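Report on the structure given below.
Model, not experiment: these values are computed from the prediction. The chain is numbered in sequence order, starting from 1. Just the heavy atoms: all of them, side chains too, but no hydrogens, waters or symmetry mates, feed the values below.
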Amino acid sequence: MAKRKNEITLLSLAMCLLVIFIHVTSWTLPNLARSSPQYLALLFPWRLSAFVVQGFLFLSGVRLFLSDKPFSYGRFLADRAKRILLPYLLWVAIYYAYFIVIGWYRFSLGDLFEYVFLGTLCSHFYFIIILVQFYILMPLWRWLLCRFDARLVCGAAVVLTALFKLFCHFPYDDRVFPAYLCYFLLGAAVGKSYAAVTAWLKKRLPALAAVFLATAAADLYFTYRSQVHGEVFRWFEALHLCYCLAAIFFLFALFAKLCERIDRLPAFVTLCDRSSYLIYLSHILPIYIANDLIARAGISDMLAAYLCRFAFTYLVTFAGCLLYTALKEKCKERLCHANR
């Protein structure tokens, strides 16, 4: 894989922060009165953050197509299994063991296999199931982008994704690749022509900002009408797709513009970037632990509980993941020196 660009690092870190915010806030929102100012104060930033899974898939496409090395499907799958699947399996086991210890589940091998293959044990694992599907179909994506104009491929992908979200509804429809096709392929197209596309996006940053603000306002308005007044809009998913695309490209262009004057990011930021997958996998566990501690401490005030959960989750997740990554890299470095 090609060396990560500064703008990719910053966007990845921003989305790591947002995905934790989403899940921390998701525990509080259902317990608030939908007409209350507190509900809206959390609902609006929560909704605006709801592009991160799409953004992670976009960045996955970018990173995979940045490399100009010869492609070997077997080596690619082996590398993905090592980097993505093995940590996922480990964390499924960790969460399952924790749930058994606290009495939520009883061990069942059949249930465990279902949790692994469907990503249903925790709310964030569905992302891994989606990602693996894109990995398995990697030769198809490479063929499409080599055989056809990227603009045609991406345009068709946007249409197909919108149609799928609007008309295809079945159990687990949120974890099959057609629901996210455009994000990955747009990322792949960006990675394939990275310098040219990035330069083009930076020149159009004001226009991207305007589209982002317009789609954000529309998404929030109809979210308010849907969540507070119970109105149903069949085309709402298509609007949210437009917002997600606008948010991803605006932030990508913004960070690319900011990085024009940055030669090297702080070591802490790059360490966060190298820990991003571990942060994603692990961050739900501190939320469960925080909930238990809050209950034990008898904290009944909603705001106090939220702030405690918020602070505990960010602190434990980042401290634990960064420490683990730093120690792992230090051990590898020492092992390499010892073998020379």
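A donor atom on one side chain and an acceptor atom on the other are not found under 3.5 Å apart for W91 and S282.
Side chain of S276 to backbone of C272: no donor-acceptor contact under 3.5 angstrom is found. A donor-acceptor pair is defined here as one N or O able to donate and one able to accept, closer than 3.5 Å; no such pair exists between the side chain of T198 and the backbone of A195. In this structure, Y95 contributes its side chain and I284 its backbone to a donor-acceptor pair below 3.5 Å. Panel note: side chain Y243, backbone L48; a donor-acceptor pair is recorded below 3.5 Å.
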Verdict with supporting geometry, F249 and F212, side-chain contact (heavy atoms from CB on, under 4.5 Å)
CA-CA 9 Å; F249 279 103; F212 166 71; over 6 Å; no
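Here side chain to side chain donor-acceptor pair (under 3.5 Å) pairs that include residues 221-233, with residues two or more places apart or in two chains, are R34-Q227, R47-T223, Y221-R225, Y224-H229, R225-E231.
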Tell me which donor-acceptor pairs under 3.5 Å the side chains of residues 131-140 have, and how far apart each pair is, sequence neighbours excluded?
| unit_1 | atom_1 | unit_2 | atom_2 | d |
| --- | --- | --- | --- | --- |
| Q133 | OE1 | F177 | N | 3.0 |
| Q133 | NE2 | I129 | O | 3.1 |
| Q133 | NE2 | R175 | O | 2.7 |
| Y135 | OH | R80 | NH1 | 3.4 |

Under 3.5 Å donor-acceptor pairs involving side-chain atoms of residues 109-127, not counting sequence neighbours:
| unit_1 | atom_1 | unit_2 | atom_2 | d |
| --- | --- | --- | --- | --- |
| H124 | NE2 | Y280 | O | 3.4 |
| H124 | NE2 | L281 | O | 2.9 |

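For the ring pair (Phe, Tyr, Trp, His ring centres under 6.0 Å) with W143, the qualifying choice from F71, Y73, F148 is F148, the only one to do so.
R75 has no carboxylate O lying under 4.0 Å from a charged side-chain N of D79, or vice versa, which leaves the two without a salt bridge. Note on D273 versus R63: salt bridge recorded, some NZ/NE/NH1/NH2 to OD/OE distance being below 4.0 Å.
Ring orientation note: the planes of Y105 and Y96 are tilted relative to one another, at an angle of 30° to 60°. The aromatic rings of Y98 and Y288 lie tilted to each other, with the angle between the two planes from 30° to 60°. By the 30° and 60° cut-offs, the orientation of the rings of Y306 relative to F310 is tilted.
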